[in-house]
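In what follows, a structure is listed as structure tokens, so that the remarks can point back to it.
Chain letters run A, B, ... following the sequence lines, proteins first, then strands; residues in each count from 1.
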Protein chains: 2
Amino acid sequence: MRRPDARPLYVQVEAILNERIVSGSWRSGQVLPAEPELAAELGVSAGTLRRALAGLERRHLIQRRQGRGTYVAQQTSEQALGQFFRVRNLAGQPVEPETLVTALVTGPATEEEAARLRLAPGEEVHRIDRSRIFEGEPRIAERITLPAALFPGFSLPLAPEQLGMEIYVYYRNRHGIIVVRSDEKLSAIAAAEPDSAVLGCAIGTPLLLIERVTFDAAGRAVEMRVSRLDTRAHRYAVEIV
Amino acid sequence: MRRPDARPLYVQVEAILNERIVSGSWRSGQVLPAEPELAAELGVSAGTLRRALAGLERRHLIQRRQGRGTYVAQQTSEQALGQFFRVRNLAGQPVEPETLVTALVTGPATEEEAARLRLAPGEEVHRIDRSRIFEGEPRIAERITLPAALFPGFSLPLAPEQLGMEIYVYYRNRHGIIVVRSDEKLSAIAAAEPDSAVLGCAIGTPLLLIERVTFDAAGRAVEMRVSRLDTRAHRYAVEIV
DNA sequence: TTCGCATGGTCTTGTATAAGACACAAGACG
DNA sequence: CGTCTTGTGTCTTATACAAGACCATGCGAA
């Protein structure tokens with residue numbers, strides 16, 4: 001007797017639970033059924049379920065706490081910053097950015113945007129231009145590109161409780177997009193005129209160029225972002241294991 | 001009855017096995033005893049042992065293959081490059097670097113070197129200056145600093161079979177230093193005169209500056225490295241999860 | 001006889017199950 | 001305000017079978 005699905009059972013279970021979170025049938029912050037109960041419902045042993053849950057926890061989709069239970073991860077600004085924001089000051093400490101949006105427009109994707117976001121040529125995208133400010137000084141100039149199909153009617157958060165919110169939290173709360181992974185390519189460029197104006201640096205100042213593509217829990221490319229970081233007072237930190 | 005060591009058993013077992021590899025009582029490439037045998041020797045269950053082995057495998061200290069056995073990881077140039085060398089060409093493909101060493105000197109550590117390598121002020125270090133060449137063009141200029149205490153009598157590999165070898169492989173084979181982790185800080189700088197000479201670029205060309213500190217399986221800081229990458233034709237790739 | 005190779009035995013790790021002791025958190029109760 | 005109870009995840013053990021790798025045996029063809 002052959003299994004129809006050759007993947008290990010714990011992988012299949014992880015996919016099932018992932019789907020429940022992506023589809024929203026388990027909502028953010030909600031507590032999951034206890035291990036024995038969930039295992040019984042899925043028809044697998046507790047050990048198999050635990051292995052699947054461990055995979056979800058590694059991708060920050062759930063959060064487990066002994067004695068309390070297992071929760072669908074609530075993406076907070078702190079969590080999003082800790083996971084995706086790699087900028088440190090010269091002492092190696094994390095910095096807390098403020099954000100200033102300068103433009104939000106919608107239009108057809110460029111060739112590069114379409115390629116990176118796996119869109120058909122000419123599909124509509126939203127573009128956000130903004131700067132990020134550390135300790136009063138603008139240090140990053142960036143453009144975010146979103147497929148309009150995934151973010152229908154995208155507009156910027158204006159309610160006071162949303163103003164300081166990381167944009168990934170907003171993706172999730174407003175559009176149900178759960179960000180889990182980014183690919184980045186780094187290089188060094190010289191500041192051009194628009195960057196120098198935003199960042200208050202001389203033209204030609206070396207900037208760290210970060211080209212990011214971000215994927216959600218369903219595996220879709222959901223965001224493209226090009227950031228220019230002024231590294232006179234900050235560093236981009238990476239750990240290699 | 002309280003356990004004297006409050007850490008979970010599988011963590012203790014992982015530490016024991018880690019120590020056996022670090023101390024060299026299990027040599028590189030050697031096959032470990034089979035699971036049931038090793039579990040019996042350590043006095044733990046097979047499941048606990050497996051969990052410890054999974055931790056070692058995650059850190060690339062061992063390599064397991066179903067049907068064959070568990071081996072102490074043999075650091076090859078391919079493995080070291082795949083793990084620690086993040087440079088890609090513009091198509092996103094890995095590049096194969098050649099290396100040209102221009103200097104090897106020994107002297108007292110600078111203040112910065114001592115701080116990063118956790119050395120006492122004035123301790124001796126070896127310094128290697130070299131360039132890395134992709135497709136015939138020098139693209140990285142870098143200086144490697146090693147604590148002399150950890151690398152006694154350090155000299156460069158000259159035997160033909162060692163010439164193309166990644167230096168981390170050489171650390172391991174010649175000095176028993178097993179590299180497992182690096183912290184990096186990235187920034188952008190303008191090429192100064194020496195860099196421009198090595199890299200064949202104009203003075204002022206933006207370069208990606210990579211400041212790396214590397215740690216071995218015993219948790220010691222074993223290497224500091226400052227690299228300048230010419231990103232006109234290459235990128236530094238990161239995945240964030 | 002000798003070569004080639006299929007086959008089965010036996011070793012390994014990988015997957016899945018079950019059960020119990022333990023540790024932590026929260027609320028109920030005195 | 002402490003203590004107890006209940007419910008939760010965590011750790012550890014044990015067992016069984018599946019699947020990959022290797023090797024010796026031995027059969028059949030040249």
Side-chain angles (χ1 to χ4, degrees), chain A residues 1-18 20-21 26-74 79, chain B residues 1-18 20-21 26-74 79:
Chain A
M1 168 169 158
R2 304 171 54 82
R3 267 181 313 191
D5 187 343
R7 292 179 301 168
L9 193 49
Y10 68 90
V11 175
Q12 303 176 42
V13 171
E14 182 175 344
I16 291 171
L17 302 181
N18 183 80
R20 289 194 187 178
I21 296 171
W26 279 344
R27 313 194 82 81
S28 189
Q30 183 177 340
V31 59
L32 268 58
E35 283 185 4
E37 191 179 336
L38 189 51
E41 188 230 316
L42 294 164
V44 300
S45 72
T48 300
L49 173 64
R50 281 184 64 76
R51 200 159 171 185
L53 292 172
L56 296 173
E57 189 175 30
R58 192 165 26 82
R59 294 191 293 147
H60 305 103
L61 285 174
I62 62 173
Q63 190 178 358
R64 321 193 70 195
R65 276 193 295 187
Q66 185 177 172
R68 294 198 45 177
T70 301
Y71 297 81
V72 180
Q74 214 154 6
Q79 194 272 331
Chain B
M1 168 170 157
R2 303 173 54 82
R3 267 183 314 192
D5 187 343
R7 292 179 303 168
L9 193 48
Y10 69 90
V11 175
Q12 303 176 41
V13 170
E14 183 176 343
I16 291 172
L17 302 181
N18 184 81
R20 289 193 187 179
I21 295 171
W26 280 343
R27 312 194 84 82
S28 189
Q30 184 178 338
V31 58
L32 267 60
E35 285 183 6
E37 191 180 336
L38 188 51
E41 187 229 317
L42 293 164
V44 301
S45 72
T48 299
L49 173 64
R50 282 186 64 77
R51 198 157 173 187
L53 291 172
L56 297 173
E57 188 175 30
R58 192 166 27 82
R59 294 191 292 148
H60 306 103
L61 285 174
I62 62 173
Q63 190 177 357
R64 321 194 69 196
R65 276 193 295 189
Q66 184 177 173
R68 294 198 46 178
T70 302
Y71 297 81
V72 180
Q74 215 154 4
Q79 194 272 330

Using only modelled atom types and a 3.5 angstrom limit, is any donor from either the side chain of Q66(A) or the base of dG9(D) paired with an acceptor on the other? yes
Across all chains, not counting sequence neighbours, the salt bridge (charged side-chain N to carboxylate O under 4.0 Å, His left out) partners of R59(B) are E14(B)
- Short N-O contact, E35(B) and R64(B), less than 4.0 angstrom: yes
Practice task
For E35(A), answer base if it contacts any base atom (sugar-phosphate contacts may also be present), sugar-phosphate if it contacts only those atoms, and nothing otherwise; contact means non-hydrogen atoms under 4.0 Å.
Solution key: base
The reported gap from CD1 in I21(A) to CD1 in I16(A) (rounded to nearest 0.5 angstrom) is 12.5 Å
Winner on side-chain proximity to P8(B), out of dT15(C), dA26(C), dT12(D), is dT12(D)
Residue set satisfying side chain to side chain donor-acceptor pair (under 3.5 Å) with E37(A), at least two apart, ordered chain then number -> none
Exercise for review: Using a cut-off of strictly less than 4.0 Å, decide whether Y10(A) has a side-chain nitrogen or oxygen near OP1 or OP2 of dA16(C).
Suggested key: no
Residues in residues 37-58 of chain B with a heavy atom under 4.0 Å of DNA chain C, by number, are R50(B)
When you compare the protein's N or O atoms with those of nucleotides 9-11 of chain C, which come within less than 3.5 Å of each other, and at what distance?
none

Separation of dC23(D) atom C1' from R68(B) atom CZ, nearest Å, is 13 Å
Contacts of S45(B) meeting side chain to side chain contact (heavy atoms under 4.5 Å, CB included) (sequence neighbours excluded), chain-then-number -> T48(B)
Set out, in order, the CA-CA distance, both residues' side-chain angles and the distance that settles side-chain contact (heavy atoms from CB on, under 4.5 Å) for L56(A) and N18(A), then state yes or no. CA-CA 7 Å; L56(A) 296 173; N18(A) 183 80; 4.1 Å; yes
| query | Could you go step by step and tell me if Y10(A) and V44(A) meet the side-chain contact (heavy atoms from CB on, under 4.5 Å) rule? | reply | CA-CA 9 Å; Y10(A) 68 90; V44(A) 300; over 6 Å; no
Between CD of Q63(B) and P of dT12(C) the distance, given in whole Å, is 18 Å
Whole-Å distance, R7(A) CZ to dT15(C) P, equals 13 Å
Is there a side-chain polar atom (N or O) of T70(A) under 4.0 Å from OP1 or OP2 of dG9(D)?
yes
Residues passing the side chain to side chain contact (heavy atoms under 4.5 Å, CB included) test with Q74(B), sequence neighbours excluded, are S28(B)
